[in-house]
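The structure appears below as structure tokens.
Heavy-atom basis, side chains included; hydrogens, waters and symmetry copies ignored.
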Amino acid sequence: MKASFIFLSALFCLFLTLASCNTKEIKDEETPALTQRVKGDMAVYGLACDGCNDTVIVLLPETMGDPITYNIFEAKRKGHVLGKIQIGDKLCVMLNKKDSTKADLVVDMNKLMGIWCYIVMPQLRNAANMSASMQEQMMNNMSDSLKAIYLIPREYGFYLKPDWQAQSVGYVDDNNSLADESPVVYPGLGYFTGWHMWNGQLLIESGTPKFSKNGQAKVSDLHYDTCSIDYLDDDSLVLSGDGVSKGYYKKNSVNEMNKKAKAIANKLKKEAINAAVNTSN
């Protein structure tokens, strides 16, 4: 009985999605927010309808008119259909400038949303002022016990949410005197606050946070970083910008990752306290 109820519920949800692809008139207040369009964005946005395959996509446009079919044969061949498209997914489409029936790029925004992470390792403090040989020598002179304490990988990343908000993953406020005692430093991580699409590219908004005593952040100096989406599937993402490409993998829990990052930071703080006490003695 329970299995039959679940099946019928799933069937009903699927029916609603399919029906939405054939709706010709929907009131403005019922229109879903498919994007928060940025100035200069020429992309087409809509919902994937039944009929999408490796050759075409059938798109219910954000204006909620009739579904439109676009040819994606060449885009698919070039790897420019990003994300495995499913019925009801939100799509960002860049049309061919010479033939508006063809899509040059398709991004499945549902597949783009989620928690994307990568691994970072600490580097020696002031490594930028050292030669490669000097860094190697200092690392060789570091005992295994110190390496076990300080050379701990962290997971960094960002969480792209359905409401166009973004959140940093693995962010730790290291602006304290104890952090300055550590012989290693971690790469900086942006404090992310939002995201948008712009002509098929990903815009990530970030700023400079100032934390209150209760942990609330007031963010200033907001700006956007523009990233090209080179690859996207269910659990892998590759972004590039300024000539640099970076790969990401998908995670399920932000809280778990942030808790781990703070635990590593707290461990380094304790080691800094111990080092300071030993030095004073």
Do [X] and [Y] touch side chain to side chain, with heavy atoms closer than 4.5 Å?
X	Y	value
Met197	Leu112	yes
Glu155	Lys251	yes
Ile119	Tyr249	yes
Val185	Gln123	yes
Lys90	Leu47	yes
Met42	Asn199	yes
Asn110	Gln86	no
Ser206	Tyr191	no

Kindly compute the distance separating [atom1] ([X]) from [atom2] ([Y]), expressed to the nearest 0.5 Å.
X	Y	atom1	atom2	result
Ile115	Tyr248	CD1	OH	14.5 Å
Lys97	Asp104	NZ	CG	9.0 Å
Asn71	Asn96	CG	CG	10.0 Å
Leu60	Asp50	CG	CG	12.5 Å
Cys49	Ile87	SG	CD1	8.0 Å
Met109	His196	CE	NE2	12.0 Å

Heavy-atom closest pair, residues [X] and [Y]:
X	Y	value
Pro153	Met121	CB-SD, 3.4 Å
Ala166	Leu160	CB-CD2, 4.2 Å
Gln201	Ser228	NE2-OG, 3.0 Å
Ala103	Ile72	CB-CG2, 3.9 Å
Asp234	Lys250	O-CD, 3.2 Å
Leu82	Asp230	CD2-O, 4.0 Å

Using a 3.5 Å distance criterion without hydrogens, assess whether the side chain of [X] forms a donor-acceptor pair with backbone atoms of [Y].
X	Y	value
Arg37	Ala43	yes
Trp195	Lys161	yes
Trp198	Lys39	yes
Ser168	Phe192	yes

(message) Quick test of your reading of the model: are Lys111 and Asp89 salt-bridged, counting only N-O distances below 4.0 Å?
(response)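 Salt bridge: yes.
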
(request) Dump the intermediate steps for side-chain contact (heavy atoms from CB on, under 4.5 Å) on Leu239 and Ile229, then the final yes or no. (result) CA-CA 5 Å; Leu239 300 177; Ile229 307 169; 3.9 Å; yes

(request) Check step by step if side-chain contact (heavy atoms from CB on, under 4.5 Å) holds for Leu91 and Asp108. (result) CA-CA 5 Å; Leu91 304 183; Asp108 189 319; 4.0 Å; yes

So does [X] have more than 12 non-hydrogen atoms from other groups sitting under 6.0 Å from [atom1]?
X	atom1	result
Asn252	CG	no
Glu136	CD	no
Lys102	NZ	no
Asn141	CG	yes

(message) Test side-chain contact (heavy atoms from CB on, under 4.5 Å) on Tyr118 and Leu237; report intermediate values, then the result.
(response) CA-CA 10 Å; Tyr118 60 100; Leu237 172 68; over 6 Å; no

(message) Is there a path of hydrophobic side-chain contacts, each under 4.5 Å between heavy atoms of I/L/V/M/F/W/Y residues, joining Leu95 to Ile57?
(response)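 Same hydrophobic cluster.
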
(request) Apply the side-chain contact (heavy atoms from CB on, under 4.5 Å) test between Tyr70 and each candidate in Val56, Val44, Val58; give the one that qualifies. (result)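 Only one option passes, and that is Val44.
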
